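Only one structure is covered here, and it is reproduced in the block below.
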Amino acid sequence: MTFIKGVKLLSKKELGETFSSPMIYIFTAIFSFLVGGVFYNNLSFIKEVTNVSIVNGALAPTFSAMNFMLMIFAPMITMGCFVKEKREHTLPLLKLSKIGDKEIFWGKYIALIVKGLFIILPSITFPIILSFSGFNDWAIVLTNYIGIIGLFCCYLVVGAFASLLTRNYIIAIVLTFGILFSFLILASTGASINNEIVSQLLKYASLGQHTYYFARGAIVSYDLVYFASFIGFFSYVSVRLLGVRR
Amino acid sequence: MESTLVKFSGIEKSYPGKVVLSGVNFEIQKGSVHGFLGPNGAGKSTLMNILLGEIENDKGEINFTEESSIGYLPEHPPLYMNMKVWEYLCFVQDIYDSTDRDFLNGVIEKCGLQEVRNRMIGHLSKGYKQRVGLAQAICHKPDLLVLDEPMVGLDPHAIIQMKELISELSKEHTIFVSSHQLHELSQICDQISILHQGVIVQDGTIEEIEKSLNQQQVVEVEFENKIGELLGDISALDDLSYSVIEGNRYRFKSQSENDLRSTLGRFFLEKNIAVLSQREVKMDLEEIFRTATKENV
């Protein structure tokens, strides 16, 4: 069986199950409501302050809040990824089949990304609302979304990895948070180290250091390479972990 | 049972501080229903997982004499509760790279799932879930079917149906089945292997094992009248011992190689003793299991 076929089969199954359950719609509604609240507050704020642009006053803080909320939502979306398979004893079914470990992981991961995009999608209404009042800086909206989605994919891969390590939903959530926060505080750890090279490396490795350019309308290969290597590292470890025989 | 399909040779597996399997040797014959027995903790699941490639053995080999695919029904069937039966079985076929939906329709019919094919698996009874589990194990046309405790937790009616289903499937697949329900197993198995403390203590057909465990012949006889005064004469025959079961029913035992039934028959005829019934007492699987595991403690 080809890689693409295996991934497609598993993603399709995962998405079928996801969209037939109410959870995804509840998550999307809560996320949209929270982001909507932040957006409304920011809009109210710039109405009172005259020297702040829409981008700086409304869009940038909304995307920043979205990023934070996605970090909270990611473990809840990913907790069942492999934990559920283990609890329902379905992992051996997949492992005995002609689908390889790589296909199993990527099939599930791609389904997670699609779920994530579905949750983020309604937030596109906010820049559309702004466009009615003359806002037309779509490039900055696009780069912000690329940055947010890139980071969200990093959160999801960590969540998928964590759910491979345990049979317990709560432990999977705690592990995901633990790993994500560790990567987040690497920048402050780096700042407190005297060695310049180590300090720069830690800053580069930190998840919090890769939204700066996207928020300002630029796409920098530095950040894209970071996302790709972050996802590549965790997916590689996860596939190896899936393949481990006791 | 024409030829060997799987050969286990010297399988060993240890975990820190515990030897689970120490030199397991036996064969599964092609076309047979091979029962796999053992008390809890004997190492049955470990061996099954080694066969399925889930666990790596420390030593030894499992050889398939020909390229074979395996269908597996674990003790807890691997079911996606949010999927419909048909949708789930199609998915299982797909991940095995099989697209023969006509065959799948046949499997659904064989497993008696027509009524529930469009129902959500999570809403089915335990018996139906087990059947869906069995259907997933056979829907990709495996050569070897591995069933781990397929009848556990089922009601008597469902057990009968499952037994019939396994017998039906044995016409097309080699079946390797582990179970604690010895009576049920004895009705469907051609061969059995008994695993105890990490080693195979008995292996073969039920008759062969019975013979190897019990060298003595046992015959139960019911007489029309009391035969008290003749018991002494009977005891003198061929190193024979007896015990009273109840009333005029007696159990005679002999270590002799001569057929005890004919020895007794001749004696009763000579003495003109009226016999109502006479039958050879065989060990059932439960007794075999108890004896085999007790002897090897």
Side-chain angles (χ1 to χ4, degrees), chain A residues 1-26 77 79-108 110-111 115 164 167 169 240-246, chain B residues 13-16 20 45-46 48-58 68-84 86-99 120-123 129-130 132-137 139-142 144-146 148-149:
Chain A
M1 186 181 294
T2 61
F3 176 77
I4 301 286
K5 192 181 172 193
V7 169
K8 208 172 128 190
L9 269 174
L10 212 61
S11 303
K12 198 177 146 199
K13 192 270 302 173
E14 289 284 312
L15 291 171
E17 277 194 293
T18 301
F19 288 104
S20 62
S21 134
M23 281 315 288
I24 185 79
Y25 305 105
I26 294 170
I77 299 168
M79 66 178 175
C81 185
F82 287 101
V83 170
K84 197 172 165 220
E85 297 275 355
K86 288 180 196 171
R87 290 170 80 102
E88 292 186 352
H89 309 96
T90 45
L91 202 52
L93 171 76
L94 300 178
K95 293 192 75 179
L96 268 177
S97 73
K98 291 190 177 166
I99 292 189
D101 296 331
K102 256 188 224 168
E103 288 91 324
I104 295 175
F105 181 80
W106 281 97
K108 284 186 161 281
I110 286 171
K115 283 183 220 175
L164 255 175
R167 292 175 66 91
Y169 290 112
R240 292 301 299 263
L241 212 61
L242 254 178
V244 168
R245 294 202 296 166
R246 288 166 288 159
Chain B
K13 177 72 187 174
S14 312
Y15 291 114
V20 184
S45 299
T46 306
M48 281 200 154
N49 282 318
I50 290 173
L51 173 67
L52 296 164
E54 273 284 286
I55 294 180
E56 207 157 9
N57 46 320
D58 302 334
S68 308
S69 57
I70 301 178
Y72 177 46
L73 172 64
E75 190 175 342
H76 304 282
L79 306 173
Y80 292 109
M81 301 300 170
N82 292 334
M83 287 175 101
K84 289 177 180 169
W86 172 255
E87 191 189 356
Y88 167 72
L89 293 174
C90 286
F91 171 70
V92 176
Q93 264 204 335
D94 289 342
I95 60 174
Y96 278 94
D97 225 355
S98 162
T99 47
M120 206 74 97
I121 294 173
H123 298 161
K129 281 180 186 161
Q130 198 72 356
V132 178
L134 195 56
Q136 68 76 28
C139 71
H140 54 94
K141 305 177 187 171
L144 175 65
L145 196 52
V146 178
D148 191 1
E149 299 286 355

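It should be emphasised that the depicted structure is a prediction, and the values quoted were computed from it without experimental measurement. Reckoned from all heavy atoms, side chains included, excluding hydrogens, waters and symmetry mates. Chain A is the first sequence line, chain B the second, and so forth, proteins listed ahead of strands; every chain is numbered from 1.
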Looking only at heavy atoms, which two atoms of A/L9 and B/F91 are closest? And how far apart?
O-CE1, 3.9 Å
Proximal component of B/Q136, with respect to chain A [non-hydrogen, under 4.5 Å]:
side chain
Quick check on the interface: out of B/Y88, B/Y72, B/Y80, who has the most heavy-atom pairs with chain A under 4.5 Å?
B/Y80
Please report the closest heavy-atom contact between B/P78 and A/H89, naming both atoms and the distance.
CB-O, 3.1 Å
As an exercise, state the distance from NZ of A/K98 to OG of B/S98, rounded to the nearest 0.5 Å.
8.0 Å
Checking heavy atoms, do the side chain of A/E103, its backbone, both or neither come under 4.5 Å from chain B?
neither
Looking at B/K84, I'd like to know if its NZ atom is crowded, meaning that more than 12 non-hydrogen atoms belonging to other residues, nucleotides or ligands lie closer than 6.0 Å.
no
Which of the residues A/K13, A/K84, A/E85 is involved in the greatest number of heavy-atom pairs with chain B at under 4.5 angstrom?
A/K13
Go through A/L96 and B/H140 one step at a time and tell me if the side-chain contact (heavy atoms from CB on, under 4.5 Å) criterion holds.
CA-CA 12 Å; A/L96 268 177; B/H140 54 94; over 6 Å; no
Which of the residues B/I95, B/D94, B/I70, B/L79 is involved in the greatest number of heavy-atom pairs with chain A at under 4.5 angstrom?
B/I95
What residues form a side chain to side chain contact (heavy atoms under 4.5 Å, CB included) with B/A135, not counting sequence neighbours?
B/L89, B/V107, B/C111, B/L113
For A/K5, is it the side chain, the backbone, both or neither that has a heavy atom under 4.5 Å from a heavy atom of chain B?
side chain
Would you say A/K86 has more than 12 foreign heavy atoms packed within less than 6.0 Å of its NZ?
yes
